[in-house]
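Positions are given from 1, in the same order as the sequence printed here.
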Amino acid sequence: MSDTLAPTHRFPFVQPNGDPLVPVPSPGSERVARITLPTGREAWLVSHHDDVRQLLRSPDFSSDFSHPLFPLLREAPLLDESRRAGFFIGMDAPDHTMFRRFLTPEFMIKAMRRLEPLIRETVVESIESMRAAGSPADLVEWFALPVPSMIICHLLGVPYSDHAFFQQRSRTLLNRKSSMPELRAAGDELRGYLADLVAVKQRDGGTDDLLGRLAVERVATGEITAQELVGISVLLLVAGHETTANMIGLGTLVLLRHPDQLAQLRERPELIDGAVEELLRYLTIVRTGLPRLAVADTEIGGQVIRAGEGAIALLSAANRDPEAFARPDEFDLHRAAHSHMAFGFGVHQCIGQPLARSELRIAFAELTTRLPGLALAGDQTDLVFRDSTVFGVERLPVTW
């Protein structure tokens, strides 16, 4: 057990001129490292697979980012009560538990199975639209972004015709270089848009979509406020399309960089489930990790983290931990990767993971079979990767 403060390292770490698909390792050798966040506050970085699981399932760590000691990576404009209402990923029990209970039936595997015909139809239509536009085309613009956007719009009851509006503001909210005024403006505009939509659903007595059902079953009964439903809708809309869009774009790039395994996937479609899990592990697109605040003294990885100290659970490093995954930096679609933590771990594990898995499975299966000649157009060294809370590629020019 160590009780001595270690030297600090500046976090997030800067990617050297290496492979952008390989997460930047911690510069220190410590199992639990002392880091300095961009805000100037210090915290602990937890990166081993077992340690990250312990941290994320421990009740001794809080997710309440309104706490003044919470280890935010940047000053957030969402900390006042009106802006954090319903934003349940930043809450602890019992509030977090209540919101999860309301939403869980909407994202259960059975519900997602019923949605799969629509997902497949959307995927196929997007592929055909891209094919009709002609080769080469930007796969992000024509496929990776439209598919999850259309699906989450259908699920929530948000008009897809407004996709340019909410996609632009989502990108601003996730961009780590956005200024405070830009963050505040994007958040307020998105909340205003969704507040109007929720008001319409309340006035119309509910519609057959997630927001319509919650408006009738939870807001009208007084269990949650309309403001909290707006917060829920912001969270689901942003997370529901940005994360999966980046996984489709980056996942396609990984498959194109491994043509032998891509060929196996085409010949043996039954490999798709394992391939999706390995892509999730290999990419782990939430590169900046999950922040937590210790509310009791706890030992993790031989280090005592004191109450009031912050900790970052670095998912990307945990998913490349050689003690958990042999040859962790190799992409291997035959790997048993199900213990990865790409969706987090513990009570805050991503509620939308059944939807994401369905979308990824169908998207990659249809893309690889309908476009057997799919290839990268141009040099992959020209690709631009996104400096965002969620890692991604800006454009992915492809031919077929």
Side-chain angles (χ1 to χ4, degrees), residues 74 76-78 83 86-87 89 115 118-119 121-123 125-127 129-130 133 137-179 181-198 200 209-211 230-253 283 285-288 350 352 355-356 358-360 362-363 367 383-398:
R74 63 185 181 190
L78 302 173
R83 290 184 170 88
F87 216 71
I89 62 169
L115 200 59
L118 175 67
I119 297 174
E121 180 182 342
T122 305
V123 163
E125 288 180 355
S126 296
I127 291 173
S129 294
M130 183 172 73
D138 177 14
L139 185 129
V140 173
E141 176 188 357
W142 285 95
F143 185 71
L145 189 53
V147 168
S149 295
M150 283 189 264
I151 297 303
I152 196 66
C153 282
H154 172 85
L155 189 65
L156 296 181
V158 173
Y160 181 69
S161 56
D162 295 335
H163 69 278
F165 173 86
F166 64 75
Q167 284 171 358
Q168 182 185 27
R169 282 144 188 87
S170 298
R171 292 277 168 97
T172 300
L173 290 173
L174 293 175
N175 189 340
R176 292 196 291 117
K177 294 180 179 177
S178 296
S179 66
E182 289 171 335
L183 288 171
R184 187 177 292 277
D188 287 349
E189 288 167 5
L190 197 52
R191 290 182 64 84
Y193 166 78
L194 288 164
D196 290 343
L197 189 62
V198 166
V200 169
D209 50 61
L210 190 151
L211 297 186
V230 171
I232 292 172
S233 60
V234 171
L235 183 59
L236 296 180
L237 184 61
V238 173
H241 75 273
E242 276 288 346
T243 51
T244 308
N246 286 319
M247 270 303 302
I248 293 173
L250 289 171
T252 302
L253 176 60
L283 291 166
I285 58 175
V286 183
R287 286 282 174 92
T288 51
C350 174
L355 173 61
S358 291
E359 291 178 324
L360 294 173
I362 294 170
L367 193 66
L383 295 175
V384 177
F385 293 89
R386 186 170 303 134
D387 184 14
S388 171
T389 302
V390 180
F391 180 56
V393 61
E394 291 286 356
R395 300 178 67 253
L396 190 65
V398 294

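To the nearest 0.5 Å, atoms CG (Leu139) and CD1 (Ile248) are separated by 8.5 Å. In this structure, Thr122 OG1 and Glu359 CD are separated by 9.0 Å, a value rounded to the nearest 0.5 Å. To the nearest 0.5 angstrom, Ser388 atom OG is 11.5 Å from Arg287 atom CZ. Distance CG/Leu174 to OG1/Thr288: 9.5 Å, rounded to 0.5 Å. Taking CD1 of Ile285 as the reference point, atom CD of Glu242 lies at 9.0 Å (rounded to 0.5 Å). Separation of atoms CZ (Phe391) and CG (Asn246) is listed at 9.0 Å; rounding is to 0.5 Å.
Listed by chain and number, the residues in a salt bridge (charged side-chain N to carboxylate O under 4.0 Å, His left out) with Asp162 amount to none (sequence neighbours excluded). Listed by chain and residue number, nothing satisfies the salt bridge (charged side-chain N to carboxylate O under 4.0 Å, His left out) test with Glu121 (two or more places apart in sequence, or in another chain). Remark: Ser179 pairs with Glu182 by the side-chain hydrogen bond (donor to acceptor under 3.5 Å, both in side chains) rule, at least two apart or across chains. Ser358 meets the side-chain hydrogen bond (donor to acceptor under 3.5 Å, both in side chains) test with Glu116; sequence neighbours excluded. Looking at residues two or more places apart in sequence or on another chain, you find no side-chain hydrogen bond (donor to acceptor under 3.5 Å, both in side chains) involving Gln168.
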Could you go through residues 148-158 and list every donor-acceptor pair under 3.5 Å that involves a side-chain atom there, pairing it with any protein atom two or more places apart or in another chain?
| from | atom 1 | to | atom 2 | distance (Å) |
| --- | --- | --- | --- | --- |
| Ser149 | OG | Leu145 | O | 2.8 |
| Ser149 | OG | Gln167 | NE2 | 2.8 |

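Residues Val147 and Ile362 have side chains not in contact (no heavy-atom distance under 4.5 Å, counting atoms from C-beta outward).
By the 30° and 60° cut-offs, the orientation of the rings of His241 relative to Phe166 is perpendicular.
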